[in-house]
Number of protein chains: 2
Amino acid sequence: MANPPTIKEIAEKLKLAKSTVSRALHDHPSIGLRTRMKVQELARALNYEPNQTAIHFQQKKTFTIGIVLPELSEAFFSAAISGIEDAANQNNYMVLLGQSHDDAAREKKIVEIMKNHRVDGLIVSLAKNTGDYAHFEALEKFNIPVVFFDRIPDKKDIHYVACNMESGTLQAVSHLLEKGHRVIGMINGPEQLVATPQREAGFKQALQKKRLKFDASLIVNSDLTREGTRAAMQQLLANKRKATAIVAFNDYVAQDAVQYALEQGIKVNKELTFVSYANLPLSSYMAFPPVASVEQYPYEQGYKATEILISLLGNKNEQDFQHIIIDSRLVVR
Amino acid sequence: MANPPTIKEIAEKLKLAKSTVSRALHDHPSIGLRTRMKVQELARALNYEPNQTAIHFQQKKTFTIGIVLPELSEAFFSAAISGIEDAANQNNYMVLLGQSHDDAAREKKIVEIMKNHRVDGLIVSLAKNTGDYAHFEALEKFNIPVVFFDRIPDKKDIHYVACNMESGTLQAVSHLLEKGHRVIGMINGPEQLVATPQREAGFKQALQKKRLKFDASLIVNSDLTREGTRAAMQQLLANKRKATAIVAFNDYVAQDAVQYALEQGIKVNKELTFVSYANLPLSSYMAFPPVASVEQYPYEQGYKATEILISLLGNKNEQDFQHIIIDSRLVVR
DNA sequence: AAAATTCACGCAACCGTTTGCGCAAACTTC
DNA sequence: GAAGTTTGCGCAAACGGTTGCGTGAATTTT
C-alpha cells in the first residue's frame, strides 16, 4: 500500500464497520473484548496511525499553538521558546514558529498565516515597532486567544505575562548607590515598549529612596541598534555631570556601550561601571561583563504564558484577562 | 455568527451550490463574471477565510515542515532556523519546531508526533547521541521525506546538507603552521558525529602538506560538556610535547578550554593560541576570542536543506539522494 | 417461556473544501 | 428551425475519522 493505512481499511479486512474500528481503537466499552483485540492487533500489524489532519479537521482543533517573536538569535527568546515548548508538549500541543525579525509588517503576515492554519492559540512577543494591533484583534472573531509575553501591547484587554522591570531596576540602581555611585546614567529603550517607562520609574524610585534628586538629562534613549546606542553614549558622556555608572537597556546595548566607552579611552568597570538586563548567556566569557544583571526569567515567562494559553483553550468562556507579572531580580556577579 | 464563515454559508445566502462558490473564489473560468463578483464580494464582507485544516485534510498536504534540532540556544542552530524559515515562507510553508535537547529519546518522540501531525517533510539535525535511525526510516512509509543538515547520520541513503569540515580544518591548521606553530593540538568531538573524522582528516592533511609527521596523542576527544572539555585539556596539557596552539571542536569547547587554560596560569593567545569553529555571534565581545574561526554557514545550510526538501515535495518520485556539501572557510580575526 | 435488559455492533451524518461529471439554457452554425 | 457547441452552474463523492442513534441477538429477569 502506497498510502498510510486507514480505519476504513482495517474495517474492510475485518468485515467490521468503521465506527466499530474507531471505538475499538479507543477502548470504548461498548465494543466486545474479542473484536477490540482483533482490531488493535491488526492496527499494530499495519502500523496504523490515526491521521491527525482528519482529526483536527473534525474536531476543529489542531493542537498547535503559534508563536511569534522577534529574533530567535537573541538568547532571551531562545530561552523563552524552550519554556513555551516544554509547557506545550506537556499538554500535547505542538509549536508553530514565526520570527518577525522586529518588523511589524512581517509580524502581521505571520499572524494571518497562522490564523488560516487554524492554530488553537498564539503566544506573541511584539516587534519593537508594532503600533497597530488590528491583526491581533481580528483573531477574536476566529476564537483564537492570544497571550503576550515580555514585549506586550499597551492595552488592558489582553492576556499577558511580563516581567516588572521596575523592581529590578530599583534594585540595580540602589545597588549602585550603595556602592557609592552618585551620578548614574541610563540608556533606555524605545518609548513604544512597555518596559521603557518601567525602567525609568524604577530609576527614579531608587533615587527617591535615598532622597537624591532626579536629573532627566542622565536618561538617554537608544533604538537598540548599535548606532542608536553609540549616539546615546555620546550624549551621556557629553553631559556636564559625569556618570560613574550606567544602567543599560539590555546586554546587547551594554556591549555596544562598553565598546564605545573603550574607544573613548574610558576604563570600563573602573571609571565607568555597567549594569544591564540579562540577555546573554555567555557573560562569563565576556571581556567586560556588566557587574550585575537584572534577571528576566525568559524560560518562566514562556512557560507561564503557555500555561495560560492552554487553560484559555480549555474554557473558551473565560472572560477575565490574565495579567501575570513576574518580578525581575538583580543578580550581582 | 460564533463560528467562522464557510463556503456553505456563502452558497446558501446566494442560493448557489458550494462548488460554484468554491470555483468562484478561485476565479475558475467556468463561472460567470457576475456570480464570481457577487461571491467574492460577499466573501469579503463576511471576512471569509478558507479553513486550511479542511484543505490540508482534503489535499493530504499540510504545507508544514517539521524541524528537529538539538538546541535553539546554540547560535548555530538559531541562525540555521532563520534560513529554514525564510526558505519555507517563500514557498508558503510553515515551520513546526521541536528541540531534542540532544536527547535521542526525545528526538524520537518529536519525530513521531510530527509524523502524526502529517508534516509534509522534516528537516533534522541529530542529537549528539542518536545512534539508531529507525524512527526516521519509518517516515518513508508515510511518504515524509527528511533532509538532514550539519549533524547528519552516517548513511548513504539519505538527503543531507553539511559543511565539509575537512577543508576548513585544513585551512585552520595550515594557518597555524604558517604562523610558526609546530606543535598543534586538537580537541575533537564525539565519534558518532560525522564532523569528527573530518576534522581529523583536515588536521592530518595540513601536516602532510608541510611534510610534518602526525602525532596521534595530540588529538583528544571531548563529549562537548564542560567537564569533558576540561578533561581533554588536562590530557593535552599533560602531553610531553607542549602544544602552542589548539584547534577546538567549536566555540563552546574553545571557551571552556580557554577558561581551563587560564586557571592553569597559561597566557592565552600568547603561550597558547586557539582556533575554533564559529558558533558564537558575540566573539567580538569575548575576553579571549579564538584568533580564527572556521565558518560553517548555518543560515545557508538551513536554507539549502529546506530548498531541497521542498523540491522533494514537488516531485515525489525523486529517487536519487541529494548530498550537498558546503565548504567551510577559515575566517581570521 | 414471555418480557425486559443489556450487549455488541452497524448506519449514516458530519466537519469544509475540492473536483469530475452531468445537464439545461443560451448561443452559434448551416 | 433543427442540430451542434458553448456557457454557467449544480450534484455528489471524496478525504479519514467521530459519534448519536438504531437494531438484532444474547442475556437476564420474573
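Each chain gets a letter, A, B and so on, in the order the sequences are listed, and its residues count up from 1. Because the structure is predicted, anything quoted here is derived from the model rather than measured.
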message: Please compare B:Ala17 and A:Gln59 by the position of their nearest nucleotide in DNA chain D and report the one closer to 5'.
response: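 Nearer the 5' end of the strand: B:Ala17.
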
message: On DNA chain D, does the nearest nucleotide to B:Leu16 precede the nearest nucleotide to A:Ser19 from the 5' side, or the other way round? Give the residue.
response: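 First, find each residue's nearest nucleotide; the 5'-ward one identifies B:Leu16.
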
Rounded to whole Å, please give me the gap between [atom1] in [X] and [atom2] in [N].
| X | N | atom1 | atom2 | value |
| --- | --- | --- | --- | --- |
| B:Ile55 | C:dT17 | CD1 | C1' | 6 Å |
| A:Met37 | C:dA8 | CE | C1' | 16 Å |
| B:Lys18 | C:dG20 | NZ | P | 16 Å |
| B:Arg36 | D:dC9 | CZ | P | 9 Å |
| B:Leu33 | D:dC9 | CG | P | 10 Å |
| A:His56 | C:dC15 | NE2 | P | 19 Å |
| A:Gln58 | C:dC15 | CD | C1' | 6 Å |
| B:Arg34 | D:dT7 | CZ | C1' | 14 Å |

Side-chain heavy-atom pair B:Ile84, B:Tyr303 within 4.5 angstrom cut-off: no

task: Run the ring-centre check on A:Tyr160 versus A:His323 and record whether the distance is less than 6.0 Å.
output: yes

task: Report yes if at least one side-chain N or O of B:Ser22 is closer than 4.0 Å to OP1 or OP2 of C:dT18; otherwise report no.
output: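 Checking C:dT18 against B:Ser22, a side-chain N or O does come within under 4.0 Å of OP1 or OP2.
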
message: Would you say A:Lys60 places a side-chain N or O within less than 4.0 Å of OP1 or OP2 belonging to C:dG16?
response: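 Looking at the OP1 and OP2 atoms of C:dG16, one of them is under 4.0 Å from a side-chain N or O of A:Lys60.
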
message: Strictly below 4.0 Å, N to O, side chains only: are A:Arg44 and A:Glu41 in salt-bridge contact?
response: no

message: Students often mix this up, so state it plainly: with edges at 30° and 60°, are the rings of B:Phe149 and B:Phe77 parallel, tilted or perpendicular?
response: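 Rings of B:Phe149 and B:Phe77: perpendicular, as their planes differ by over 60°.
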
- prompt: Within the modelled atom types, does a donor on one side and an acceptor on the other bring the side chain of A:Thr35 and the base of C:dC9 under 3.5 Å apart?
  reply: no

- request: Report yes if a donor N or O on one partner sits less than 3.5 Å from an acceptor N or O on the other, where the partners are the side chain of B:Thr53 and the base of C:dC15; otherwise report no.
  value: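 Side chain to base: no pair present.
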
query: So what does B:Thr6 hit on the nucleic acid, given a heavy-atom distance under 4.0 Å: a base, only sugar-phosphate, or nothing?
result: sugar-phosphate

task: Under 4.0 Å between any heavy atoms, over every strand shown, what does B:Lys15 touch: base, sugar-phosphate, or nothing? Just pick one.
output: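 Sugar-phosphate: the residue B:Lys15, judged by heavy atoms under 4.0 Å, touches backbone atoms but no base.
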
task: Given side-chain hydrogen bond (donor to acceptor under 3.5 Å, both in side chains), test A:Asp86 with A:Tyr299 step by step and report yes or no.
output: CA-CA 9 Å; A:Asp86 286 350; A:Tyr299 181 94; 2.5 Å; yes

statement: Result for 5'-nearest mapping on DNA chain C, choosing between B:Arg23 and A:Val21, is A:Val21

query: Any stacking of B:Phe57 on C:dT17, going by centres under 5.5 angstrom and planes within less than 30 degrees?
result: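 According to the criterion (under 5.5 Å, under 30°), no, B:Phe57 does not stack.
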
